Amino acid sequence: MLIAQISDLHVTLPGQLAYGIFDTAGNLSGCLAQIMQANPVPDVVLATGDLVETGAPDEYRRLRELLAPLTMPLYLIPGNHDDRAALCAAFRDHAYLPREGEPLRYAVEDFEVRLIALDTMIPGADGGTLDDAQLDWFDATLSAAPGRPTLVLMHHPPFKTGIRCMDEIALDAASACRLGAIVERHRHVERIVCGHVHRGIQARWRGTAVSVCPSTAFQYILDLRENGFNSSTREPPAYQAHFWNGAELVTHTIAVTR
Ligand SMILES: [Fe+2]
């Protein structure tokens, strides 16, 4: 099974550049063309949040048009730039999405690797959280299929990356603590895949592996100083391919060159 992950798409309205600089729609189109020309083509694509820049309905309409070249199943989760209601309205035919107004969490049973999506967004805030109801659902969902390798997707990483500006808007500590306690009890969690940081990052965390996917739009600079600040770099857009070899989930990072 081959899982492509795209993250932090930050799609804007036509004619607009994100932060006045980045052609995020053009970069996404290049990435998707590259995914569709890969050999083999991935079985599924995951988009791990910050799908659009401001959460406006017209941005989701454009996102939908941009995603049209994908022929495989596509699963979306929101990030801090997203708007749940606008996302659900634009992707009403995505039957896995819960009803409007609820956290966009779900499980996908159709593949060799089970997929569990968590929704960490807080409307109007940059940081992330997981409330008790969602964590209880996560625990029960993991318990329902203890023998199946499972990939968890969520926007905010649960650990400190060392990049101060992003760590200040990370998943809150209480949520990360409880999430970690659940993951430690479920050894079939092969991986948690995230976005948010706009860099490729890996860590061992609470008995599983966690990876952060680079952005299809733009990357942030690696600044690990205590007083470091946030700025973009000229590193290229990228995506990741998670290959299940029957025993391990192996991750490849692919720069977008189109
Ligand atoms: Fe982002």
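Positions are given from 1 along the sequence. We count ligands from 1, going down the list as the structure has it; atoms in each ligand are counted the same way. Predicted model, so just to flag it, every value in this text is computed and none were measured.
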**Student:** Salt bridge (Lys or Arg N to Asp or Glu O under 4.0 Å) for R178 and D132? Distances and angles first, verdict last.
**Tutor:** CA-CA 9 Å; R178 198 169 163 218; D132 285 347; 3.2 Å; yes
**Student:** Closest approach of A255 and P236, non-hydrogen atoms and distance?
**Tutor:** CB-CG, 4.0 Å
**Student:** Just list the side-chain donor-acceptor pairs under 3.5 Å for residues 13-24, sequence neighbours left out, or say none.
**Tutor:**
from : atom 1 : to  : atom 2 : distance (Å)
Y19  : OH     : E53 : OE2    : 3.2
D23  : OD1    : G26 : N      : 2.9
T24  : OG1    : H10 : O      : 2.7

**Student:** Does R199 pair with D8 as a salt bridge, N-O distance under 4.0 Å?
**Tutor:** no
**Student:** Please table the atom pairs, donor to acceptor, closer than 3.5 Å between any side-chain atom in residues 109-119 and protein atoms at least two apart or in another chain.
**Tutor:**
from : atom 1 : to   : atom 2 : distance (Å)
E109 : OE1    : R114 : NE     : 2.8
E109 : OE1    : R148 : NH1    : 3.0
E109 : OE2    : R114 : NE     : 3.2
E109 : OE2    : R114 : NH2    : 3.0
E112 : OE2    : W244 : NE1    : 3.3
R114 : NH1    : T141 : O      : 2.7
R114 : NH2    : T141 : O      : 3.3
D119 : OD1    : R84  : NH2    : 3.2
D119 : OD1    : M121 : N      : 3.1
D119 : OD2    : R84  : NE     : 2.6
D119 : OD2    : R84  : NH2    : 3.3
D119 : OD2    : L104 : N      : 2.6

**Student:** Which residues satisfy the ring pair (Phe, Tyr, Trp, His ring centres under 6.0 Å) test with H196, sequence neighbours excluded?
**Tutor:** H155, H156
**Student:** Under 2.8 Å from the Fe ion (ligand 1), which protein N/O/S atoms are there?
**Tutor:** D8 OD2, H10 NE2, D50 OD2, H198 NE2
